[in-house]
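Order of appearance sets the numbers: ligands from 1, and atoms from 1 within every ligand.
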Amino acid sequence: MGSAFNLGKIFGIQFRLHYTWFVIFVLITVSLSWQYFPLAYPDWNNSTYWVSGIFTSLLFFTSVVAHELAHSLVGRANGIPVKSITLFIFGGVAHMTREAAHHGAELKMAAAGPISSLVIGGLFFLLHLLLRGISEPIAAMAFWLAQINVVLAVFNLIPGFPLDGGRVFRSLLWRFSGDYTRSTRIATRVGRGVGYLFILGGISIIFLFPGQWFGGLWLAFIGWFLSRTASASYRQAQWQGALQGVTASELMTSDCPVVPSDVTINRLVQEYIFTSGRQCFLVTDEGELKGILTLGDIKSVARSNWEVTQVNSIMTPVEKLKMAYPDQDALSMLEQMDENNINQMPVVSEGRAVGLITRDNLIRFLRTRS
Ligand SMILES: [Zn+2]
């Protein structure tokens, strides 16, 4: 997810605000200040409507943050590290660096969000009861927040992946079948089904109740997002299943041409590329890895300079490389590549480069597996 602002860290977890969040923030604030509060409490003045609307909206998003934080902290306590939480148009999403390794951890992490929303809803309802006779606007805000948090919990408990309920559902299937990929397939199928139902429901609302067209459109929009995310989650799970237990040494290219760092590009092209046809090279001096070089690096140098440019001035130096180890599993390598936005990693054993793993290696392997 691009175009998000960093808000800072809570408990070591980076909080980010996606630009689409402003759309939903404005929508909720306006509908509260313009519609909900004026209809329910006609005798307030105009500024009370707006101040209450803005504060209620902010507290709603604070509740969403608390929901995501509950997922993240319970996840972290169960061995699922969460790097960041992003607020966007459909709520919040926690970015895990890896999926749960055990169904118990997944169940606890998934359930933590809706449970926290129910607790927060209960607390707001209590506040509503306490302040009813003291301040009508604050009691009204608390009442709306109590309702919306319960709605948030119930909505998230719908058993379609990637909703929390879908994760709970998958963890239970996983527990009883022992088959992670199959459980994911079923849970993501249900998730897609839920998404389609939402789209259908949204379109029906638009036709049957034209006055509610916006609500219908919104429901259809959420349905579209859910079905899309469910499909993507299933693909990801398939990859994970296929890459599990496969190591770098099985997938790497081990006959990578080795070139010394002081070779000129001209000589490299003449003596190595034309004869071997390879696209990637390990640059080593006396067996010690100095860097790697790809055809892309060569293309960045004007042909007229090939005679005078040495490999070491255009290679990716070893300090900037991420290394893989021969027994590292393929899934963690793919994650490492995605995280650092790189396409290849040298495989290093006892300080010596023994091969090269490229994104192509991984993708070709995935194709043959599926
Ligand atoms: Zn959740």
- Task: Just give me the atom name: the N, O or S atom of H67 closest to the Zn ion (ligand 1).
- Result: NE2
- Relative to the Zn ion (ligand 1), which of the N, O or S atoms in D164 is the closest? OD2
- Query: What do you reckon, are the aromatic ring centroids of F37 and W44 less than 6.0 Å apart?
  - Reply: yes
- Task: Verify whether the ring centers belonging to F61 and W21 lie closer than 6.0 Å.
- Result: yes
- Does the side chain of S300 pick up a donor-acceptor pair with the side chain of D297 at under 3.5 Å? no
- Message: Please determine whether E68 has a backbone or side-chain N, O or S atom lying under 2.8 Å from the Zn ion (ligand 1).
- Response: no
- Query: Parallel, tilted or perpendicular: which describes the rings of F88 and H18, with under 30° parallel and over 60° perpendicular?
  - Reply: perpendicular
